[in-house]
Protein chains: 2
Amino acid sequence: MPDTLIGESLHQLMHAYKRALRQAYADAGLTLTVSHIRTLKAIRSLAPCTAQRIAQRTQRDKAQITRLLHDLLDAGIIAKRPHAEDRRSRILALTAHGHGVMEQIDESERHAHQRLAAGLDAADLETFVRLSRLMVDNLH
Amino acid sequence: MPDTLIGESLHQLMHAYKRALRQAYADAGLTLTVSHIRTLKAIRSLAPCTAQRIAQRTQRDKAQITRLLHDLLDAGIIAKRPHAEDRRSRILALTAHGHGVMEQIDESERHAHQRLAAGLDAADLETFVRLSRLMVDNLH
DNA sequence: GCCTTCGGTTGACAATGTCAACTAATTGAA
DNA sequence: TTCAATTAGTTGACATTGTCAACCGAAGGC
């Protein structure tokens, strides 16, 4: 098994996946980028949460998170309130509007994910995720 | 199995993998980017080949390929010669210097790949690649 | 010969990623 | 209590990666 095969497979899959996502979002009339949407999913999943928590979850640079959050706040998709215990931090959550946007996102991704997983059964998918996780953990 | 789990796993794995690669290249004193190196690997694998072939293999935009090839030609890592049958095209291959650089690249990646695959056996890796390929094909 | 398609180039811009410097807040040790 | 070290988030600057368009000359098909 040549090492390069994993790397190349990953690159190609990532490109293809992102392209599929972008197409799905564009088809749904969503103007948000993959990064914005990924951040929103993290917020939904972690809500209520802080910027730091999102950065940890998504393994992204806090500077990037700040910028993405700024856009999402401006768009009224998320809202912030003070953190009860830490004045440096804010608590973030989806707005009602944001919940609607998330539904659009979920709907638009449905097709992309169905295509991605066509012909793969639940065990395959679970294996893929499990192996991915192992590899991520290996690199941390 | 929530759809978002695959996507999020992929994002995280890709980020981690690229970071590991960049670190490995930097540690080896290589100044080439992940994209340059990926292009070189394609050339080595396909040599002799054309820009178009590389673009196909790596699923990248031909404009990007042109730019990357330009850098690699400038650095003397690859060389070009006329295409026997198509005056629009050139045949590309690694130079002797380029072969040396590739050895450095392989050496530097060794560690990163070992870490990536720690605790995974050959069957796991093969499964990962197989599933990745299936998914890429699904999206094309 | 003519028209369409194609390989590669260049331009322009968007998206994503990294690192540094900074401020204000928090924490923990003395 | 004090103070130094650390931390959450912000801003700046720049690099890397990705997309799409326009273009030119070459190739291919009718």
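Everything quoted here is computed from the prediction, not taken from an experiment. Letters A, B, ... mirror the listed sequences (proteins, then strands); counts begin at 1.
Contacts of A:Q56 with the nucleic acid, taken as non-hydrogen atoms under 4.0 Å apart, are absent. Note on A:T66: a base of the nucleic acid sits closer than 4.0 angstrom, heavy atoms only. Within 4.0 Å (heavy atoms only), A:H15 reaches sugar-phosphate atoms of the nucleic acid but no base atom. Within 4.0 Å of A:A55, counting heavy atoms only, lies no atom of the nucleic acid at all.
The separation between A:M14 atom CE and D:dT17 atom C1' is 13 Å, rounded to whole Å. Rounded to a whole Å, the CD atom of A:Q64 is 14 Å from the P atom of D:dG12. In this structure, CZ of A:R19 is placed 8 Å from P of D:dG18, rounded to the nearest angstrom. Atom CD1 of A:I65 is separated from atom P of D:dT11 by 15 Å (rounded to the nearest Å). As a whole-Å value, the separation of B:L21 CG from D:dT17 P is 11 Å. Spacing between atom NE2 of A:H70 and atom P of D:dT11 amounts to 7 Å, rounded to whole angstrom units. When rounded to the nearest whole Å, the span between NE2 of B:H36 and C1' of D:dT17 equals 11 Å. Distance B:R87 CZ to D:dC24 P: 17 Å, rounded to the nearest Å.
Put simply, the side chain of B:R22 and the base of C:dG17 share no donor and acceptor less than 3.5 Å apart. Between the side chain of B:R53 and the base of C:dG7, no donor-acceptor pair under 3.5 Å is found. Scanning atom types as modelled, no donor and acceptor separated by under 3.5 angstrom connect the side chain of A:R88 and the base of C:dT26. Taking only distance into account, the side chain of B:D86 never meets the base of C:dC6 through a donor-acceptor pair shorter than 3.5 Å.
The A:S35 side chain lies nearest to C:dT16 when the options are C:dT16, C:dC19, D:dG18. The side chain of B:S89 lies closest to C:dG7, out of D:dG18, C:dG17, C:dG7. Here the side chain of B:K62 is nearest to one of D:dG9, C:dT9, C:dT26, namely C:dT9. Among the nucleotides C:dG17, C:dT18, D:dG18, the one closest to any side-chain atom of A:K18 is C:dG17. Comparing C:dG17, D:dG12, D:dA26 by their nearest atom to the side chain of A:R67 picks out D:dG12.
Between A:V101 and the choices A:L32, A:D106, A:I37, the side chain to side chain contact (heavy atoms under 4.5 Å, CB included) rule is met once, by A:L32.
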Would B:E109 and B:K41 count as a side-chain contact (heavy atoms from CB on, under 4.5 Å) here? Give the steps.
CA-CA 12 Å; B:E109 285 189 349; B:K41 288 186 203 167; 2.7 Å; yes
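Contact between the side-chain N/O atoms of A:R90 and the OP1/OP2 oxygens of D:dA8 is not found at any separation under 4.0 Å. Here B:R60 does not reach the OP1 or OP2 of D:dT19: none of its side-chain N or O atoms lies under 4.0 Å away.
Checking B:L68 against A:A51, the closest nucleotide of DNA chain D that is more toward the 5' end is the one next to A:A51. In terms of position along DNA chain C, the nucleotide closest to B:Q52 lies nearer the 5' end than the nucleotide closest to the other residue of the pair B:Q52 and B:D61.
In this structure, a donor-acceptor pair under 3.5 Å is present between the side chains of B:S45 and B:R57. Judged by distance alone, the side chains of B:T39 and B:H36 never bring a donor and an acceptor atom under 3.5 Å apart.
Contact of the A:I65 side chain with the A:Q52 side chain is not registered, since no non-hydrogen atoms from C-beta on lie closer than 4.5 Å.
Ring centroid separation for the pair B:Y17 and B:H113 comes in under the 6.0 Å cut-off.
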